[in-house]
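Working notes for the structure below.
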Amino acid sequence: MSKRLHSPRLYYFIIIACALLSTACTAQSTQTPSTMDTFKTKTGKTVTIHPIKHASMGITFDQLEIQVDPVISATPPTTDYTQMPKADLILITHEHYDHLDAQAVADLSKESTVIVTNRNSAEIIGKGEVMANGDSLSPLSGIRLYAVPAYNTTPGHLQFHPKGRDNGFILELDGLRLYIAGDTEDIEEMQSVKDIDVAFLPCNQPYTMTPEQLRRAADMVRPRVLYPYHYGDTPVEAMEAAMEGSGIEVRIRNFQ
């Protein structure tokens, strides 16, 4: 087999194309076609965002492969992680079935893979570097990671994501700062999340935010680019309408 067929980007194109075909055939979603977006770090290195689905994404940085909340089939369409490059770093925000999948972690792992989780997720999979809210870590060269709070505040919803259990992550890649919020509402701690280039904010009540909360969260964080993610059945039009006039670039990708 030629080296070209081993290209990580080609793998992502294949997986995303298969996912879209599966989605179309089974009528499981009305997601927009996935797009890989590229950003530059402060020294000109490339960071590529690979939307997969729901809360799952791949990030390529300086020949390092990062996976966030990889899940095979708990959320449609089914994703075959065995066809993707092995991960150098896997981030797991919390233990819910749509964020933690032990088989997906195994499929993506190699001997040197660094797995970073909250405590409950590490206990479930039997491994992982545990981070709690407020912790920081340098898991790999050129990468700095900060664990930040992610929780519910709406009465009647507090049991979904109790305060102090789950993580959001600020992922700093050679100075480029990504905020992966995890399952959260527009919590007051977001006022301390600053200098964010790219933010991923969830929008699907009762589990995370309404479009109005999405706007309040975005106004606190003020990212250069915002990806609504983990948005389930929330109409795309409602999220876009809520963000009108914010001055923040909103990109809708395959994160239903």
Side-chain angles (χ1 to χ4, degrees), residues 54-57 59 66-71 89-100 114-125 128-139 143-173 176-232 234 239 242 248 255:
H54 196 57
S56 303
M57 71 185 81
I59 301 169
I66 304 167
Q67 287 283 343
V68 180
D69 287 348
V71 171
L89 174 64
I90 299 174
L91 304 180
I92 302 169
T93 58
H94 64 294
E95 64 267 26
H96 285 172
Y97 72 96
D98 55 337
H99 297 262
L100 172 62
V114 178
I115 302 169
V116 178
T117 77
N118 70 333
R119 183 168 301 281
N120 287 355
S121 298
E123 290 176 355
I124 290 169
I125 63 176
E129 181 83 22
V130 173
M131 293 186 75
N133 297 169
D135 289 349
S136 61
L137 178 70
S138 294
I143 297 179
R144 189 72 178 167
L145 187 64
Y146 304 88
V148 295
Y151 60 93
N152 284 105
T153 57
T154 300
H157 301 172
L158 305 184
Q159 73 279 12
F160 297 134
H161 307 95
K163 187 174 183 179
R165 187 193 68 185
D166 307 341
N167 289 323
F169 290 112
I170 297 173
L171 180 62
E172 190 170 302
L173 307 173
L176 186 79
R177 287 167 58 86
L178 283 64
Y179 174 39
I180 302 166
D183 280 9
T184 187
E185 294 186 56
D186 53 332
I187 56 177
E188 61 183 359
E189 289 89 343
M190 288 181 179
Q191 296 178 43
S192 299
V193 178
K194 300 299 183 184
D195 302 319
I196 299 299
D197 296 291
V198 183
F200 300 85
L201 298 177
C203 188
N204 68 324
Q205 277 283 16
Y207 305 109
T208 62
M209 294 191 277
T210 64
E212 293 72 25
Q213 288 177 302
L214 176 72
R215 173 61 183 267
R216 291 198 294 270
D219 283 343
M220 284 189 280
V221 176
R222 300 303 304 173
R224 180 163 55 91
V225 177
L226 167 63
Y227 292 87
Y229 86 139
H230 194 302
Y231 57 83
T234 305
M239 295 186 293
I248 298 170
F255 285 122

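We number each residue from 1, following the sequence as shown.
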Inset, instruction - Have a look at Tyr151 and tell me which of His94, Arg165, Glu189 forms a side-chain hydrogen bond (donor to acceptor under 3.5 Å, both in side chains) with it. - result: Glu189
Legend entry - Approximate separation, where rounding is to 0.5 Å, of Leu171 CG and Ile143 CD1: 6.0 Å
Inset, instruction - Could you tell me which residues satisfy side chain to side chain donor-acceptor pair (under 3.5 Å) with Glu129, sequence neighbours excluded, listed by chain and number? - result: none
Inset, instruction - List in chain and number order the residues that pass side chain to side chain donor-acceptor pair (under 3.5 Å) with Arg224, two or more places apart in sequence or in another chain; answer none if no residue qualifies. - result: none
Legend entry - Backbone of Ala150 reached by a side-chain donor or acceptor of Asn167 within 3.5 Å: no
Legend entry - Candidate pair Phe169 and Val68, rule side-chain contact (heavy atoms from CB on, under 4.5 Å), full reasoning: CA-CA 10 Å; Phe169 290 112; Val68 180; 5.9 Å; no
Inset, instruction - Only counting residues at least two apart or in another chain, list the ones meeting ring-ring contact (aromatic ring centres under 6.0 Å, His included) with Tyr146. - result: none
Legend entry - Closest heavy-atom pair and its distance - Ala218, Pro223: O-CD, 3.7 Å
Legend entry - Aromatic ring pairing Phe160/His157, orientation class (parallel under 30°, perpendicular over 60°, tilted between): tilted
Inset, instruction - Taking the side chain as every heavy atom from C-beta outward, state whether Tyr207 and His96 have any pair of such atoms under 4.5 Å apart. - result: no
Inset, instruction - Under the salt bridge (charged side-chain N to carboxylate O under 4.0 Å, His left out) rule, collect the residues that match up with Arg144, sequence neighbours excluded. - result: none
Legend entry - Note, Asp135 side chain near Leu137 side chain (heavy atom, < 4.5 Å): no
Inset, instruction - Report the residues that fulfil ring-ring contact (aromatic ring centres under 6.0 Å, His included) with Tyr227, sequence neighbours left out, ordered by chain and then residue number. - result: Phe200
Legend entry - side chain to side chain contact (heavy atoms under 4.5 Å, CB included) partners of Ala55, counting only residues at least two apart: Asp69, His99, Tyr229, His230
Inset, instruction - Indicate yes or no: at least one non-hydrogen side-chain atom of Pro149 is less than 4.5 angstrom from one of Thr184. - result: no
Validation: residues 190-197 side-chain donor-acceptor distances under 3.5 Å, sequence neighbours left out:
residue : atom : partner : partner atom : Å
Lys194  : NZ   : Gln191  : O            : 3.0
Asp197  : OD2  : Arg177  : N            : 2.9

Inset, instruction - Under the side chain to side chain contact (heavy atoms under 4.5 Å, CB included) rule, collect the residues that match up with Ile124, sequence neighbours excluded. - result: Glu95, Leu100
Inset, instruction - Quick one: pull up CD1 in Ile125 and CG in Asn120 and give me the separation to the nearest 0.5 Å. - result: 11.5 Å
Inset, instruction - Sequence neighbours left out, what passes side chain to side chain donor-acceptor pair (under 3.5 Å) with Ser121? Give chain and number order. - result: Asn118
Legend entry - For Thr234, all residues meeting side chain to side chain contact (heavy atoms under 4.5 Å, CB included), sequence neighbours excluded: Cys203, Asn204, Pro211, Tyr231, Met239
Legend entry - Where Gly182 and Pro202 come nearest, the two heavy atoms and their spacing: O-CG, 3.1 Å
Inset, instruction - Measure the shortest side-chain to side-chain distance between Thr154 and Gln205 over non-hydrogen atoms and say whether it is less than 4.5 angstrom. - result: yes
Legend entry - Gap between atom NZ of Lys163 and atom CG of Leu158 - 0.5 Å precision: 11.0 Å
Legend entry - Side-chain heavy atoms of Val148 within contact of Tyr179, under 4.5 Å: yes
Legend entry - With sequence neighbours excluded, residues passing salt bridge (charged side-chain N to carboxylate O under 4.0 Å, His left out) with Asp186: Arg216
Legend entry - side chain to side chain contact (heavy atoms under 4.5 Å, CB included) against Arg119, all qualifying residues, sequence neighbours excluded: Glu123, Val130
Inset, instruction - With the side chain counted from C-beta on, respond yes when Val198 and Leu178 share a heavy-atom pair under 4.5 Å apart, and no when they do not. - result: yes
Legend entry - Distance-only donor-acceptor check, side chains His161 and Glu185, under 3.5 Å: no
Legend entry - Within-4.5 Å side-chain heavy-atom neighbours: Leu201 and Leu226: yes
Legend entry - Between CD1 on residue Ile90 and CD1 on residue Ile115, distance to nearest 0.5 Å: 5.0 Å
